[in-house]
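In what follows, residues are counted from 1 in the order of the sequence shown.
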Amino acid sequence: MSKKVYIFLADGFEDIEGLTVVDLMRRAQIDIKTVSIKDIRDIITSHGIHMQTDLVFKETDFSDADMLVIPGGMPGTKYLGEYQPLCDLLTDFYKQGKKVAAICAAPTVFAALGFLEGRKATAYPSCMDGLKGAERSLDSVVIDGNVTTSRGLGTAVDFALSLIGQLLGKKTADEIAESVVYSRK
């Protein structure tokens, strides 16, 4: 049975952090969908790339999700954190013990929602102060219960492979790493 993941995108999301997750998950045969939080599928990345998401938030049922992911980048992270329907979805998902993941500045959204209280977490160096209630880590990827956080675009491959490993097992994550000639340290 295929795993289902949704990654939420807003104008100004960090290209590598969002699309590396999508690319590697699709290589692993995980059904990941890009979701615009706007009323249209058009998104402009933090580096000015115009793209179309698979879905629009308001038109999507997320009840089949195994994991929800938010990338960093500015002002994308700010927009994601201000979009109440997404915050409500993330909170409901988190409270059910389902997997949520964020990278770079995006873990600050989790902190604002109370997900990191008493948990180990990481974020982009200039965003570490925004991890209210968390035990801050300098690890590239931190998994604490159902919450995964990562540092930034330089850790995007590690982040994506970690998420694949959580959903499909370490063997599959290692196969994907090998297929993209990535040397895991």
Partner set under side-chain contact (heavy atoms from CB on, under 4.5 Å) for D15, not counting sequence neighbours: T45, S46, H47, I49
Sequence neighbours left out, what passes side-chain hydrogen bond (donor to acceptor under 3.5 Å, both in side chains) with E82? Give chain and number order. K78
Quick one: list whatever passes side-chain contact (heavy atoms from CB on, under 4.5 Å) with D31, sequence neighbours left out. S2, K4, K33
Contacts of type salt bridge (charged side-chain N to carboxylate O under 4.0 Å, His left out), residue R136, not counting sequence neighbours: none
Sequence-distant partners of A156, side-chain contact (heavy atoms from CB on, under 4.5 Å), two or more places apart: I16, T20, I103
Mind checking what makes ring pair (Phe, Tyr, Trp, His ring centres under 6.0 Å) contact with F8, not counting sequence neighbours? F57, F62
With Q96 via side-chain contact (heavy atoms from CB on, under 4.5 Å) - residues at least two apart: D92, K98
Contacts of S137 that satisfy side-chain hydrogen bond (donor to acceptor under 3.5 Å, both in side chains) - sequence neighbours left out: D139
Only counting residues at least two apart or in another chain, list the ones meeting side-chain hydrogen bond (donor to acceptor under 3.5 Å, both in side chains) with Y79. none
Test salt bridge (charged side-chain N to carboxylate O under 4.0 Å, His left out) applied to D88 - qualifying residues, sequence neighbours left out: none
Please enumerate all residues that pass side-chain hydrogen bond (donor to acceptor under 3.5 Å, both in side chains) together with S140, with sequence neighbours excluded. none
Using modelled atom types only, decide if a donor and an acceptor are shared between the side chain of E17 and the backbone of P71 within a distance under 3.5 Å. no
Which heavy atom of I7 sits nearest to which heavy atom of G18, and what is that distance? CD1-O, 3.6 Å
Going by the side chain to side chain donor-acceptor pair (under 3.5 Å) test, name the single residue among Q166, R119, K95 that passes it with N146. R119
Determine yes or no for a side-chain-to-main-chain donor-acceptor pair under 3.5 angstrom, with S162 supplying the side chain and D158 the backbone. no
Main chain of D54, side chain of T34: is a donor-acceptor contact present, judged purely on distance under 3.5 Å? yes
Has Y124 got more than 12 heavy atoms of other residues, nucleotides or ligands less than 6.0 Å from its OH? no
Flag the pair I43 / K38 as yes when at least one side-chain heavy-atom distance between them is below 4.5 Å, and no otherwise. yes
Please determine whether a side-chain nitrogen of the Lys or Arg among K58 and D39 lies less than 4.0 Å from a carboxylate oxygen of the Asp or Glu. yes
May I ask you to decide if I40's main-chain N or O and S36's side chain share a donor-acceptor pair within less than 3.5 Å? yes
Checking the side chain of T155 only, and the main-chain atoms of G152 only, is there a donor and an acceptor separated by less than 3.5 Å? yes
F13: which residues meet the ring pair (Phe, Tyr, Trp, His ring centres under 6.0 Å) condition with it, sequence neighbours left out? none
